[in-house]
Protein chains: 2
Amino acid sequence: MTVTIKDVAKKAGVSASTVSRVIAEHPRISAETSRKVKAIMEELGYHPNLMAKSLVSRTTRTIAVILPKPAEELLLNFFFYELIRGVLAQLTRAGYDLLMAGGSNEQEELETVTRLVRGGRIDGLLLLYSRSSDPIITFLRKEKFPFALIGRSLDYEDVPSVDNDNVQAAYDATKHLIAQGQKRIGFVSGPTKLAMTQDRMNGYYKAMAEAGLPFKQSWVVEGEFLLESGYRAMASIMTQPEPPTALIVIDDVVAFGVLKGLAELGYRIPQDVAIVSFNNIALSELTMPPISSVDVGTYQLGYTASQMVLRMIQQEEITARQIIPHRLVVRESSLRTVSLA
Amino acid sequence: MTVTIKDVAKKAGVSASTVSRVIAEHPRISAETSRKVKAIMEELGYHPNLMAKSLVSRTTRTIAVILPKPAEELLLNFFFYELIRGVLAQLTRAGYDLLMAGGSNEQEELETVTRLVRGGRIDGLLLLYSRSSDPIITFLRKEKFPFALIGRSLDYEDVPSVDNDNVQAAYDATKHLIAQGQKRIGFVSGPTKLAMTQDRMNGYYKAMAEAGLPFKQSWVVEGEFLLESGYRAMASIMTQPEPPTALIVIDDVVAFGVLKGLAELGYRIPQDVAIVSFNNIALSELTMPPISSVDVGTYQLGYTASQMVLRMIQQEEITARQIIPHRLVVRESSLRTVSLA
DNA sequence: ATAATCTGTGCAAACGATTTACTTTTCTCG
DNA sequence: CGAGAAAAGTAAATCGTTTGCACAGATTAT
């Protein structure tokens, strides 16, 4: 049925080993034989069976990405495509394939990982998130299996991971507002159990403290990565006697809610309230007004994390924690003086 | 190193075949042996080598999704995550894995597909888009390889595919505006080479004709799936002597641009101009005002398309063209009389 | 009682490559 | 010219499973 290496060998009048070596560009093959065999391969439309190859080489040229279960996916919704493109770009370059897997709960996820790793189906793994005391990470470390984490592990310092400097990013964002003359700056935050949230909060605190600006606890609101979260936060933050005149928002989607909430309360942006948020998803520039946002380099995160895994597979030394530079993209929402069309 | 079926066999005092049969739940294995072997497997942490399994069974329990190259991805940006979740849900249920592949150009894409198919790495394939006279589709048909298309092929009627009834969807959207008392209805369209665009235009024409409403060619503008496209369309549509009082927009992202353009021209929504768009991405309800949009069932598209491929793999009969129901989600942007908060 | 069927298991041959260890052929050069 | 080295290629083992066939012992039918 399908054409095998033996078919090629027979037709070319050589042994299977020779064909194999032609494919591998083994030096001990004469130019003539190589040419001849290649011609036959072409003619027969031969493609090596990847399973057989993997079986003997104990290598699959495949790495897997584990998708978070639904409950933890919120943030990913808008990142995902960019991230995967970055991952795929790197893997394709290196001749690797990408396997995507997940599970509907923690237990299933771990089972999937076990099956893939122990079953020899993949050479490396990429985790898109970290939860504290993650059994998957524990398992992978025990197996000494090549993997990298996008984000930061709360449990171990030395987990190979690619992340942003979220402290600095929030610091920069806050500084930007301060440079615009803002003094009363609030923070619409996310779930504090996430390293990302904690880091951004700290950057904000740091900038405020450095500038000697007072801040009230009532200007800071925890929430989730949901539109509603930002919307509701406005009701509590902006209705107090002395509300902030500027807000740092943990994520663009949350910022959309903030925009909505502010509009309903009659605040103009940026004249009454200036806004800076994070992640710079494609829609940040489409709102009215466009939102200033810290670009975290989503594509780069995927690209670099994959590269890290590939390096580990090649037994190369890696730096356990790699930082992707961020970049504050300033748009109308944070500018003190703007000329509106 | 890794524990194989032989290790299990030896420790259990049986042959490798017996262990294999225990795993396969072969009927001719005694309950006692089965219990014993399973215990040993557990103890040793045995997981079958998937490559060896695939080699002999000529089956991989993997299907691939081919990612469009960057130039054609625009639309996918917001769909992608939902779509993949649908795909993954179906595949996980059936015990299949998902491989993701792509290429930076058409040639590379075809090579990837050839390598995967001929190399026996996958059992089925999912295409997320259709271009006319797609060499990949040609190849897959020739190989009689199980695959399904999300969308509609412009070349062949009988390509297994999962799609919306876009004609009906646009018809419904237009009817809704008409029911709101709208008479001057325009259409902000997409690239006409796409089946999706053509279908939606036709639905719009049909509803207009049926209602006996006049329409001007100047109320219809072609564009792309970009924010700018909708923004620019406003400058041409809304500045003419008798502009439409309602607009059908090909896609939510384009609608965001429309919103922006209308705001700059001083139109209020929906009082001055009503809007309905398509795809109902997560952000449609976050705009000011929230946009009425036709939900196309993105998750379902992925879920059903995967199911179709799985059926083909099982040699089951399938209906070549499956339609996912759409649903018009009415929000403020299209309501004639609204009480704004 | 004996033949026929059933049960439970083992042996060995695939599956389609790679790779080690040889064998044969061709050079090179004293 | 012939020995030894280098070059080119082959045969066979191997990777970890599955599975058709054989076979022994237990069970059932005649």
Side-chain angles (χ1 to χ4, degrees), chain A residues 1-38 40-41 44-62 95 97 114-123, chain B residues 1-38 40-41 44-62 95 115-123:
Chain A
M1 195 66 173
T2 53
V3 34
T4 78
I5 204 170
K6 279 180 197 164
D7 301 323
V8 176
K10 190 151 68 176
K11 182 139 192 174
V14 297
S15 74
S17 346
T18 299
V19 177
S20 175
R21 284 194 247 263
V22 167
I23 295 167
E25 311 250 301
H26 189 106
R28 282 228 248 282
I29 291 290
S30 73
E32 161 131 29
T33 308
S34 172
R35 199 168 25 249
K36 185 176 59 185
V37 170
K38 277 178 180 164
I40 306 258
M41 293 194 330
L44 263 43
Y46 169 74
H47 281 258
N49 182 299
L50 299 168
M51 296 304 139
K53 205 164 173 165
S54 288
L55 180 57
V56 54
S57 69
R58 306 171 140 293
T59 232
T60 60
R61 293 196 89 77
T62 302
D97 288 324
T114 312
R115 178 177 63 85
L116 295 175
V117 170
R118 298 285 267 273
R121 187 167 206 129
I122 55 176
D123 296 349
Chain B
M1 196 61 175
T2 52
V3 34
T4 79
I5 205 171
K6 282 181 195 163
D7 301 324
V8 176
K10 189 150 69 175
K11 184 139 189 173
V14 297
S15 75
S17 348
T18 299
V19 176
S20 174
R21 285 192 251 259
V22 166
I23 295 167
E25 310 250 299
H26 188 107
R28 283 235 263 270
I29 289 289
S30 75
E32 160 129 30
T33 307
S34 173
R35 200 169 24 250
K36 185 176 60 188
V37 170
K38 277 178 179 163
I40 305 255
M41 293 193 331
L44 263 44
Y46 169 73
H47 280 257
N49 182 301
L50 300 169
M51 296 304 139
K53 206 165 174 165
S54 288
L55 180 56
V56 55
S57 70
R58 305 169 139 295
T59 234
T60 59
R61 292 197 89 78
T62 302
R115 179 176 63 84
L116 295 175
V117 170
R118 298 285 268 272
R121 185 164 205 133
I122 55 178
D123 296 350

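The figures here come from the full heavy-atom set of this structure, side chains too, leaving out hydrogens, waters and symmetry mates. In what follows, every chain begins at residue 1, and chains take the letters A, B, ... in the order their sequences are listed. Note that this is a predicted model, so its numbers are computed, not measured.
Annotation for Tyr46(A) and Ile23(A): closest pair CE2-CD1, 3.7 Å, computed over non-hydrogen atoms. Counting all heavy atoms, side chain and backbone alike, Met41(B) lies closest to Val19(B) at SD-CG1, 4.4 Å. Residues Lys53(A) and Pro48(A) come closest through the heavy atom pair NZ-CG, 4.3 Å.
Across the protein-nucleic acid pair, His26(A) atom NE2 and dT20(C) atom C1' stand 11 Å apart, rounded to whole Å. Put simply, CZ on Arg35(A) is 15 Å from C1' on dA8(D), counting in whole angstrom units. For the pair Ile5(B) CD1 and dT9(C) C1', the interatomic distance rounds to 14 Å; values are reported in whole Å. When rounded to the nearest whole Å, the span between CG of Leu55(B) and P of dT18(D) equals 11 Å. Distance, Glu32(B) CD to dT7(C) C1': 15 Å, rounded to whole Å. Regarding Met41(B), its CE atom lies at a distance of 17 Å from the P atom of dG16(D), rounded to whole Å. The CZ atom of Arg28(A) sits 7 Å away from the P atom of dA7(D) (whole-angstrom rounding). For Lys6(B) and dT14(D), the NZ to C1' distance is 9 Å, given to the nearest whole Å.
Side-chain proximity of Thr33(A) to the nucleotides dC15(D), dG10(C), dA8(D) is greatest for dA8(D). In this structure, the nucleotide among dT10(D), dT18(C), dT17(D) sitting nearest to the side chain of Lys53(B) is dT17(D). Residue Ser17(B) has its side chain nearest to dC11(C) when only dG16(D), dT10(D), dC11(C) are considered. Out of dT10(D), dA17(C), dG16(D), the shortest distance to the side chain of Asn49(A) is found at dA17(C). Nearest nucleotide to the Ser15(A) side chain, out of dT18(C), dA11(D), dG10(C): dA11(D).
For the 3.5 Å distance criterion, the side chains of Ser15(A) and Thr18(A) qualify, holding a donor opposite an acceptor.
Side-chain N/O atoms of Thr18(B) include none lying less than 4.0 angstrom from OP1 or OP2 on dT9(C). Here Ser20(A) reaches the OP1 or OP2 of dT18(C): one of its side-chain N or O atoms lies under 4.0 Å away.
Residue contacts shown for Ser30(A) are limited to sugar-phosphate atoms, with no base heavy atom under 4.0 Å away. Thr4(A) comes within 4.0 angstrom of sugar-phosphate atoms only, judged by non-hydrogen atoms across all strands, and of no base.
Residue whose closest nucleotide on DNA chain C sits further toward the 5' end, between Ser34(B) and Ala52(A): Ser34(B). The residue among Met51(B) and Arg21(B) whose nearest nucleotide of DNA chain D is located toward the 5' end is Met51(B).
The environment of NZ in Lys36(B) is crowded: more than 12 heavy-atom neighbours from other residues, nucleotides or ligands sit within 6.0 Å.
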